Number of protein chains: 2
Amino acid sequence: VISVRDISKIYDLGSTRVHALRHVDLDIHRGELIAVMGPSGSGKSTLMNIIGCLDQASEGDYWLDGVNVSDMTEDELARVRNRKMGFVFQQFNLLPRTSALRQVQLPMIYSGGEDRESRAIEALKAVGLGDRLDHKPTELSGGQQQRVAVARALVNNPTLIMADEPTGALDTRSGQELLAIFQRLNAQGKTIVMVTHEYDVAMHCRRIVRFKDGRLVADESVEQP
Amino acid sequence: VISVRDISKIYDLGSTRVHALRHVDLDIHRGELIAVMGPSGSGKSTLMNIIGCLDQASEGDYWLDGVNVSDMTEDELARVRNRKMGFVFQQFNLLPRTSALRQVQLPMIYSGGEDRESRAIEALKAVGLGDRLDHKPTELSGGQQQRVAVARALVNNPTLIMADEPTGALDTRSGQELLAIFQRLNAQGKTIVMVTHEYDVAMHCRRIVRFKDGRLVADESVEQP
Ligand SMILES: Nc1ncnc2c1ncn2[C@@H]1O[C@H](COP(=O)(O)OP(=O)(O)OP(=O)(O)O)[C@@H](O)[C@H]1O
Ligand SMILES: Nc1ncnc2c1ncn2[C@@H]1O[C@H](COP(=O)(O)OP(=O)(O)OP(=O)(O)O)[C@@H](O)[C@H]1O
Ligand SMILES: [Mg+2]
Ligand SMILES: [Mg+2]
């Protein structure tokens, strides 16, 4: 479903050039559950942003469901992002003055439907925030904000879920509960790509790809016990 | 050095009241290395903000070095925060348009000194960001932003370091390097209080306090092997 060929990303800051990604090749098939690991600054979020159609590569090609993304119009890209994908950002990217309930309803603005509010409530209950619906980000703990970001990414039933360190701000138990949600969605056929630096989380995925200095350096299946 | 007695924090949102902290008693002595753990939303950041003089309790008393903090003037509080304490925020709280080098120099504005820039460079090199000095937050990875926040907290040589999940965004190895920095500072006599949900990090501290639903429920020494 995702095919990345020779993708490079270079940031030009005038005095220096940062090669955030170097010649990355990667194929992701429908229904996979993949962990993306690697040191801080190795290019994981950069790749997630390119795959999530939030950023463009400097070089190389990216095919999503057989269509070359650089051939898509702005509208097509926006529709793909909104309908096919759910994205959990590493820093949550919540609107600062918006309640949890409204944050989670945002992706449904275009898909519409009468039951937006009840679907948003369901999504927030599923991540344990049923009693925080009207709290704004400053009225939520770090882990609670992360869970709002997850609920928002899942509410439109996307087929492709991109999660950039979705358990980073959570204690072990809340992290395991979130992982169980992702595993259940994967069992329903959703494709899940998760950046994580936690070994337990990676062990619950079926494939691990590793980055180092902008390059993909390892790609291995997880042994099932 | 820190004495917290019967501290409670209640948020009144009109329709609901959230008891973020309930009757917390805690003593922290000079030179301790303490891990603060507990589920998401259990009150850890709230307590850190009160101890860090960034917020006030609704009830109870807090003595810092023998002085009751509620008797301090705004100026005295500001001076304490700036000189005695280094605070690493759970969400880093970096200025969005400011380079790493300037972010780290901010705490030194009042303490002044000719060597501000070289001290900031040293602090950034110590966390592995010597080659990212002029990058702004949007030009840094999540883990790099976290490390800028740590460098900023340490640059003024504070005697009390409060770190709210300082390794949350870091891969295992960068996290271990950061922990080694904290251990070295503690060996020099600095008092360190660290919120973490990572067991390895907690095991490297000498005391673990645990929160649940706003209450302190456990306080134990870490067995030295
Ligand atoms: N806009 C930018 N301008 C310049 N350099 C950038 C920019 N964005 C990212 N970088 C650099 O690109 C590299 C890769 O960043 P990326 O965010 O992908 O890392 P990461 O693997 O997600 O790290 P982390 O685990 O810390 O989140 C980093 O070294 C970073 O400094
Ligand atoms: N301004 C506020 N108004 C209302 N409730 C708040 C406010 N700030 C925090 N809370 C609530 O207080 C509780 C404690 O929050 P706190 O940030 O201390 O948790 P935490 O232990 O740091 O959690 P995490 O591990 O997720 O960061 C949470 O349930 C949160 O929803
Ligand atoms: Mg990242
Ligand atoms: Mg917190």
Side-chain angles (χ1 to χ4, degrees), chain A residues 11-16 18 20 36-46 48 89-92 94 99 127-129 131-147 164-165 167-175 177-178 195-200 202 210-212 214, chain B residues 11-16 18 20 36-46 48 89-92 94 99 127-129 131-147 164-165 167-175 177-178 195-200 202 210-212 214:
Chain A
Y11 290 107
D12 208 327
L13 290 185
S15 49
T16 46
V18 175
V36 175
M37 304 188 85
S40 174
S42 55
K44 309 179 294 294
S45 296
T46 303
M48 294 289 275
F89 293 88
Q90 187 168 4
Q91 261 128 42
F92 324 151
L94 299 180
S99 69
V127 296
L129 293 177
D131 60 351
R132 290 282 181 277
L133 301 179
D134 50 355
H135 285 232
K136 301 182 178 53
T138 46
E139 297 163 352
L140 292 168
S141 76
Q144 290 168 341
Q145 292 177 36
Q146 185 158 45
R147 287 183 273 157
D164 199 341
E165 298 200 32
T167 61
L170 300 176
D171 58 284
T172 314
R173 180 139 167 221
S174 313
E177 291 170 358
L178 211 74
V195 173
T196 182
H197 57 251
E198 288 178 57
Y199 197 59
D200 311 339
R210 287 180 198 277
F211 276 83
K212 187 164 163 33
Chain B
Y11 289 107
D12 208 327
L13 291 183
S15 47
T16 47
V18 174
V36 176
M37 305 188 85
S40 175
S42 55
K44 307 178 297 292
S45 296
T46 304
M48 294 289 274
F89 295 87
Q90 187 168 5
Q91 261 128 42
F92 324 151
L94 300 179
S99 69
V127 296
L129 293 177
D131 60 351
R132 291 283 181 275
L133 301 179
D134 50 355
H135 285 231
K136 302 181 178 54
T138 46
E139 298 165 343
L140 292 169
S141 76
Q144 291 168 343
Q145 293 178 36
Q146 185 159 46
R147 287 184 274 157
D164 199 340
E165 297 199 34
T167 62
L170 300 177
D171 57 286
T172 315
R173 179 142 169 218
S174 312
E177 291 171 359
L178 212 74
V195 173
T196 182
H197 55 251
E198 290 179 55
Y199 196 59
D200 313 338
R210 289 182 196 277
F211 276 83
K212 188 168 168 23

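Note that the coordinates shown come from a computational prediction; the quantities given were computed from them, not determined experimentally.
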(message) Keeping B:Glu177 on the side-chain end and B:Ser174 on the backbone end, is there a donor-acceptor pair under 3.5 Å?
(response) no
(message) Is there a side chain to side chain contact (heavy atoms under 4.5 Å, CB included) between B:Arg132 and A:Val18? Walk through the geometry before answering.
(response) CA-CA 10 Å; B:Arg132 291 283 181 275; A:Val18 175; 3.7 Å; yes
(message) Quick check: closest heavy atoms across A:Gly142 and A:Phe92, and the distance to 0.1 Å?
(response)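 Scanning both residues, the minimum pair turns out to be O-CE1, 3.6 Å.
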Measure distances from [X] to the heavy atoms of chain A and classify the residue's part below 4.5 Å as side chain, backbone, both or neither.
{"X": "B:Glu139", "answer": "side chain"}
{"X": "B:Tyr199", "answer": "neither"}
{"X": "B:Glu165", "answer": "side chain"}
{"X": "B:Asp131", "answer": "neither"}
{"X": "B:Thr167", "answer": "backbone"}
{"X": "B:Ser45", "answer": "neither"}
{"X": "B:Leu13", "answer": "side chain"}

What I'd like to find out is whether the side chain of [X] reaches to under 4.5 Å of the side chain of [Y], using heavy atoms alone.
{"X": "A:Ser99", "Y": "A:His135", "answer": "no"}
{"X": "B:Gln91", "Y": "A:Gln91", "answer": "no"}
{"X": "B:Val195", "Y": "B:Gln90", "answer": "no"}
{"X": "B:Tyr11", "Y": "B:Thr46", "answer": "yes"}

(request) Could you have a look at A:Asp134, A:Thr16, A:Leu170, A:Leu140 and say which one has the most heavy-atom pairs with chain B under 4.5 angstrom? (result)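 Heavy-atom pairs under 4.5 Å are most numerous for A:Leu170.
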(message) For A:Ser40, which atoms come within 4.5 Å of any heavy atom of chain B: side chain, backbone, both, or neither?
(response)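 Answer is both: backbone and side chain atoms of A:Ser40 are under 4.5 Å from chain B.
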(request) Side chain from CB out, backbone as N, CA, C, O: work out which of these in A:Gln146 comes under 4.5 Å of a heavy atom of chain B, or both, or neither. (result) neither
(request) Could you have a look at B:Arg147, B:Glu198, B:Lys44, B:Arg173 and say which one has the most heavy-atom pairs with chain A under 4.5 angstrom? (result) B:Arg147
(request) Show the numbers, then the answer: is there a side chain to side chain contact (heavy atoms under 4.5 Å, CB included) between B:Val36 and B:Thr196? (result) CA-CA 6 Å; B:Val36 176; B:Thr196 182; over 6 Å; no
